[in-house]
Number of protein chains: 2
Amino acid sequence: MRTPQELSTAFRAIGLKVTPQRQVLFSLLHQNDAHPSAEAIHLAASAVMPGISLRTVYQTLNDLVSMGELQQLQLTPGSARFDPNTTDHHHLVCDGCGEIRDVYVSGLADVDVCGLDGFRVAATDVVFRGSCPTCSSATGDPSAPHA
Amino acid sequence: MRTPQELSTAFRAIGLKVTPQRQVLFSLLHQNDAHPSAEAIHLAASAVMPGISLRTVYQTLNDLVSMGELQQLQLTPGSARFDPNTTDHHHLVCDGCGEIRDVYVSGLADVDVCGLDGFRVAATDVVFRGSCPTCSSATGDPSAPHA
DNA sequence: TTGCGAACCAACAATCGTTGCGAATACGGT
DNA sequence: ACCGTATTCGCAACGATTGTTGGTTCGCAA
Ligand SMILES: [Mn+2]
Ligand SMILES: [Mn+2]
Ligand SMILES: [Zn+2]
Ligand SMILES: [Zn+2]
């Protein structure tokens, strides 16, 4: 996702107005690597601008997604997550706490894929599921310090 | 997923009963490679057993998932898809029609993953998104025959 | 500065996918 | 056949997201 300033310009360029609400959302999303849900963004926005409506948050998130500034992820059942990181990256999902982290994968082009007869691949998403360090140490860690 | 017969035995072994509804679901799911939604399964089951409730379908699907006989996939927003194929495989998702197909990937162990500091990976899911042959030929196919 | 139209909000209602609940029913070990 | 318990099913409720409408605010181009 581009900077709030650049997004303001981009919004105006396509006839969308740059409102205070949208500016708050721009800055909350900029370089946000937490992969927040709409609800989480609304919560954070409410701290800065009390009264901002959840409806407006969804509206703006959808705008950003269709502009290609934001990626919408559906890695688990439940609410969608939003990702301003539009570089080529993939994700770690913690089954324990639901945290999502960025991960960078190289050598993907070398894997051998069997079964795509005629299917045209536009994007490849790799999702690693498991436990984050916090959740790992909390339970069932065979490498935990003694008893 | 095992055969309906084996599932019946497995259900009884853990104190679950083998009802006609469940038997219908067992046979509809066995070797089903369509990655159906709960709704789709309910529809198919209704043809065989009119009156079977959607609630029962969800109930049994959940049982099968927690027994490890069925995989639950959430590859897009919307309804979950269920997959009796428990072999090591991955998926193609058609953005056009929503079809999901199996695909087999080898050489995944050789990719270089950067950024998993302390994260414990239990499973890796690869999702290829694009267009199936049908949807490709329908629109925007640069290799389509003439006009 | 003014004016048009876009965006906002509040307050709902509605949709979709899924689960909770409770009364009636049926499986299956004895 | 009997009985305890699991299962079924219909309906209500849920969480996430979107539609609507009417009144107000406000960006921004002229
Ligand atoms: Mn990311
Ligand atoms: Mn599959
Ligand atoms: Zn965790
Ligand atoms: Zn298709």
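Chain A is the first sequence line, chain B the second, and so forth, proteins listed ahead of strands; every chain is numbered from 1. Source: prediction; values computed, not measured.
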Which of parallel (below 30°), tilted (30 to 60°) and perpendicular (above 60°) describes B:His89 and B:Tyr104?
tilted

Distance test, side-chain N/O of B:Gln21 to OP1/OP2 of C:dA26, below 4.0 Å:
no

Could one point to a donor on the side chain of B:Arg55 or the base of C:dG20 with an acceptor on the other under 3.5 Å away?
yes

Below 4.0 Å: OP1/OP2 of C:dC8 and any side-chain N or O of A:Arg22:
yes

Taking 4.0 angstrom as the limit, do B:Asp95 and A:Arg120 come out as a salt bridge?
no

Rounded to whole Å, the CG-P distance (A:Asp63 to D:dT17) equals 16 Å

For B:Gln23 and D:dT7, give me the distance from atom CD to atom C1', rounded to whole Å.
13 Å

Under 3.5 Å, is there a donor-acceptor pair between the side chain of B:Ser8 and the main chain of B:Pro4?
yes

Closer to the 5' end of DNA chain C via nearest nucleotide, is it B:Ser79 or A:Ser53?
A:Ser53

Between C:dC9, C:dT18, C:dA7, which nucleotide has the shortest distance from any of its atoms to the side chain of A:Lys17?
C:dA7

Just N and O in the side chain of B:Tyr58: are any of them under 4.0 Å from OP1 or OP2 of C:dT19?
no

Could you identify the nucleotide paired to D:dA30, looking across every strand shown and requiring Watson-Crick or G-U wobble geometry with both distances under 3.5 Å?
C:dT1

Respond yes when some side-chain nitrogen or oxygen of A:Thr19 is under 4.0 Å from OP1 or OP2 of C:dC8, and no when none is.
yes

Whole angstroms only, please: what is the CZ-C1' distance between A:Arg12 and C:dA6?
14 Å

For atom CG of B:Leu54 and atom P of D:dC9, their distance in whole Å:
11 Å

To the nearest Å, how far apart are A:Glu39 CD and D:dT18 C1'?
15 Å

Both B:Asn62 and A:Leu16 contact DNA chain C. Which one's nearest nucleotide lies toward the 5' end?
A:Leu16

Nucleotide of D:dT17, D:dC9, D:dA6 approaching B:Ile52 most closely (side-chain heavy atoms)
D:dC9

Within less than 4.0 Å of OP1 or OP2 of C:dA7, is there a side-chain N or O belonging to A:Thr56?
no

Could you tell me the separation between the CZ atom of B:Phe11 and the C1' atom of D:dT8, rounded to a whole number of Å?
14 Å

How close or far is atom P of C:dC9 from atom CD of A:Gln59, stated in whole angstroms?
10 Å

Verify same cluster id: A:Val126, B:Leu73 (apolar side-chain graph, 4.5 Å):
no

Report which part of the nucleic acid A:Pro20 touches: base, sugar-phosphate, or nothing (heavy-atom distance under 4.0 Å, all strands).
sugar-phosphate

Check the distance between C:dT18's P and B:Leu73's CG and give it to me in whole angstrom.
12 Å

Would you call A:Arg22 and A:Asp63 a salt bridge, using N to O less than 4.0 angstrom?
yes

